[in-house]
Amino acid sequence: MEALKQELARKRKENDSNLKDNPTKYLKKSQLDSLTPEPIQTQPQEDTINKEEEPEAEEETNITDNDTKDFSISNDECIRRLRLKSEPIRLFAESDRERRLRLRALELLASSGNSKGQENDLRKALEGVGQAELEQQSKNASTAVNAKIYDQSEVEITWKMVKVDNDKLYATIYKWMKNMLRLWENTLSQRPDDVRRSKQGQLAAANQVQTANYLKPLFKALKSKTIQMDVLTLLGEIILYAQERKYQNANDAYLRLSIGNSPWPIGVTMVGIHDRSAREKISSGSVAHVLNDEVSRKYIQSVKRVLTFAQSQFPPEDVSQMVG
């Protein structure tokens, strides 16, 4: 019996020692405070982190310092260059050094050709109108001699050329469009100075310059004879009606060229998984060529501008043939 009591007492001592070494999940506040580390111990770690970040900051400052050393200009020169680029001369809370870096970035983008996205062609043409007006005064005589005007027999189109003899259409359309552009340019140059320098006069000149630029791909395709046959036929029909001063018919031909006359103008040829009875009615002549690409849209719309100018210069005898 005594041996059993001694064994129980020994077990109790072992359990008490285990409880002291391994506390339960519930702790007193004093025990919790004794277990938490002191706040002073975290300060050296923060110092090491800051020391690790300092070299990166030094590298960045070295890079920007090298850029400013390579691009060291005066403030007046920096302001002048920013104004030439239509940029603000100083942003909010921007220092002189940051302004030079901004100018450097703008010039690097401009040199790589990625500084401008899509540009307004009419605005670009307006910017060049003033310089073109100054150059025109000195070059009027030379351009009048060098500009070739084609005879009426060279630009005349017949229905035989439109329907059968398509090979002659390439040169005839090219010559007629060139004649109309030169006539348009001469008409604008003969305006009075006050009209030419007004806002409406500059817009008219910019419109002519833009139209001439948009028609360059068409002239190139006509020279190389790579234009689509249906587009060529409709262009010949438009010019034929314009020469006969039937501008309503020419406008109808232009609408067939630009948006087509089909219920599926985008050029869809399969509207389902089965062949329909009306599928053969969808032909290439009903396709909206203005939707092909941006280049086609521009020169087709320029053809309409030339047609409008032709109507203003050669009005029809029948008023019902007037458009607009």
Side-chain angles (χ1 to χ4, degrees), residues 121-122 124-125 128-129 132-133 135-136 139-162 165-191 196 203-247 249-251 253-254 257-258 289-290 294-316 323:
D121 294 332
L122 184 60
K124 194 192 320 185
V129 162
E133 291 287 343
E135 294 178 356
Q136 187 180 6
K139 294 183 179 179
N140 270 339
S142 60
T143 52
V145 174
N146 294 330
K148 183 179 180 181
I149 304 297
Y150 298 101
D151 297 334
Q152 185 65 27
S153 60
E154 294 181 304
V155 298
E156 187 176 358
I157 295 179
T158 60
W159 279 110
K160 181 181 179 182
M161 295 170 62
V162 176
D165 197 1
N166 292 325
D167 290 335
K168 295 181 180 180
L169 276 179
Y170 296 102
T172 310
I173 293 173
Y174 176 85
K175 293 175 182 179
W176 187 86
M177 297 293 290
K178 282 289 187 179
N179 271 2
M180 296 307 297
L181 285 177
R182 285 160 187 160
L183 179 61
W184 193 356
E185 185 178 359
N186 293 334
T187 304
L188 291 177
S189 63
Q190 292 172 2
R191 296 174 299 169
R196 196 164 41 179
L203 283 173
N207 195 10
Q208 192 273 336
V209 172
Q210 186 185 41
T211 303
N213 290 330
Y214 283 175
L215 285 173
K216 287 180 180 179
L218 177 61
F219 292 149
K220 184 177 180 181
L222 289 171
K223 279 185 174 181
S224 59
K225 296 184 179 182
T226 56
I227 193 169
Q228 299 178 14
M229 189 55 62
D230 53 344
V231 177
L232 179 70
T233 305
L234 285 172
L235 283 175
E237 189 175 343
I238 291 170
I239 296 174
L240 175 61
Y241 283 127
Q243 290 177 356
E244 294 177 355
R245 301 191 183 186
K246 297 179 180 179
Y247 297 106
N249 297 337
N251 188 58
Y254 166 74
L257 173 64
S258 58
H289 295 284
V290 76
E294 192 69 12
V295 177
S296 300
R297 180 190 68 81
K298 287 180 178 180
Y299 72 68
I300 289 175
Q301 288 181 349
S302 300
V303 169
K304 174 60 176 174
R305 293 180 184 177
V306 174
L307 189 63
T308 304
F309 171 73
Q311 177 180 314
S312 65
Q313 292 297 311
F314 309 103
V323 178

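For the pair Ala250 and Ala242, the tightest heavy-atom approach, listed with the atom from each and the gap, is CB-N, 4.3 Å. Considering all non-hydrogen atoms of both residues, Trp176 and Ile239 come closest at CD2-CG2, 3.5 Å. Listed here is the closest heavy atom pair of Thr211 and Val306: CG2-CG2, 4.1 Å. Closest approach of Met161 to Glu156, counting heavy atoms only: SD-O, 3.8 Å. Closest approach of Ile300 and Ser258 over heavy atoms only: CG2-CB, 4.1 Å.
A donor-acceptor distance shorter than 3.5 angstrom exists from the side chain of Arg245 to the backbone of Pro315, with no hydrogens or angles considered. With Tyr247 contributing its side chain and Ala310 its backbone, the two residues share a donor-acceptor pair below 3.5 Å. Not a single donor-acceptor pair under 3.5 Å links the side chain of Gln208 to the backbone N or O of Leu188. Judged purely by atom type and a 3.5 angstrom limit, Gln313 has no side-chain atom pairing as donor or acceptor with the backbone of Met180.
Here Gln190 contributes atom CD and Arg196 contributes atom CZ; the two are 10.0 Å apart, rounded to the nearest 0.5 Å. The structure places CG of Asn166 at 5.0 Å from CE of Met229, a figure rounded to the nearest 0.5 Å. To the nearest 0.5 angstrom, Leu169 atom CG is 9.5 Å from Leu222 atom CG. The distance from atom CG of Asn249 to atom CD1 of Ile238, rounded to the nearest 0.5 Å, is 11.5 Å. Here CG of Asn251 is found 11.5 Å from CG of Leu257. Values are rounded to the nearest 0.5 Å.
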Practice prompt. Go through the steps for Tyr254 and Val323 under the test side chain to side chain contact (heavy atoms under 4.5 Å, CB included), then give the verdict.
Written response: CA-CA 12 Å; Tyr254 166 74; Val323 178; over 6 Å; no

Worksheet item: Does the pair Lys178 and Lys175 meet the rule for a side chain to side chain contact (heavy atoms under 4.5 Å, CB included), with working shown?
Response: CA-CA 5 Å; Lys178 282 289 187 179; Lys175 293 175 182 179; 5.7 Å; no

Worksheet entry | Residues Glu294, Arg297; criterion salt bridge (Lys or Arg N to Asp or Glu O under 4.0 Å); working and verdict | CA-CA 5 Å; Glu294 192 69 12; Arg297 180 190 68 81; 2.3 Å; yes

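The side-chain heavy atoms of Glu237 and Ile157, taken from C-beta on, include no pair separated by under 4.5 Å. Proximity of Lys220 to Thr226: side-chain heavy atoms (C-beta onward) are nowhere separated by under 4.5 Å. With contacts defined as side-chain heavy-atom distances shorter than 4.5 Å, the pair Leu215/Val303 qualifies. Val209 has its side chain within reach of Asn213: a pair of non-hydrogen atoms, C-beta onward, lies under 4.5 Å apart. Between Leu183 and Phe314, the closest side-chain pair of non-hydrogen atoms falls below 4.5 Å. Between Thr158 and Leu240 the shortest side-chain heavy-atom distance does not fall below 4.5 Å.
For Trp159 and Tyr241, the distance between ring centers is under 6.0 angstrom.
Using cut-offs of 30° and 60° on the angle between ring planes, the pair Phe309 and Trp184 is parallel.
More than 12 non-hydrogen atoms from other residues, nucleotides or ligands lie less than 6.0 angstrom from NZ of Lys304.
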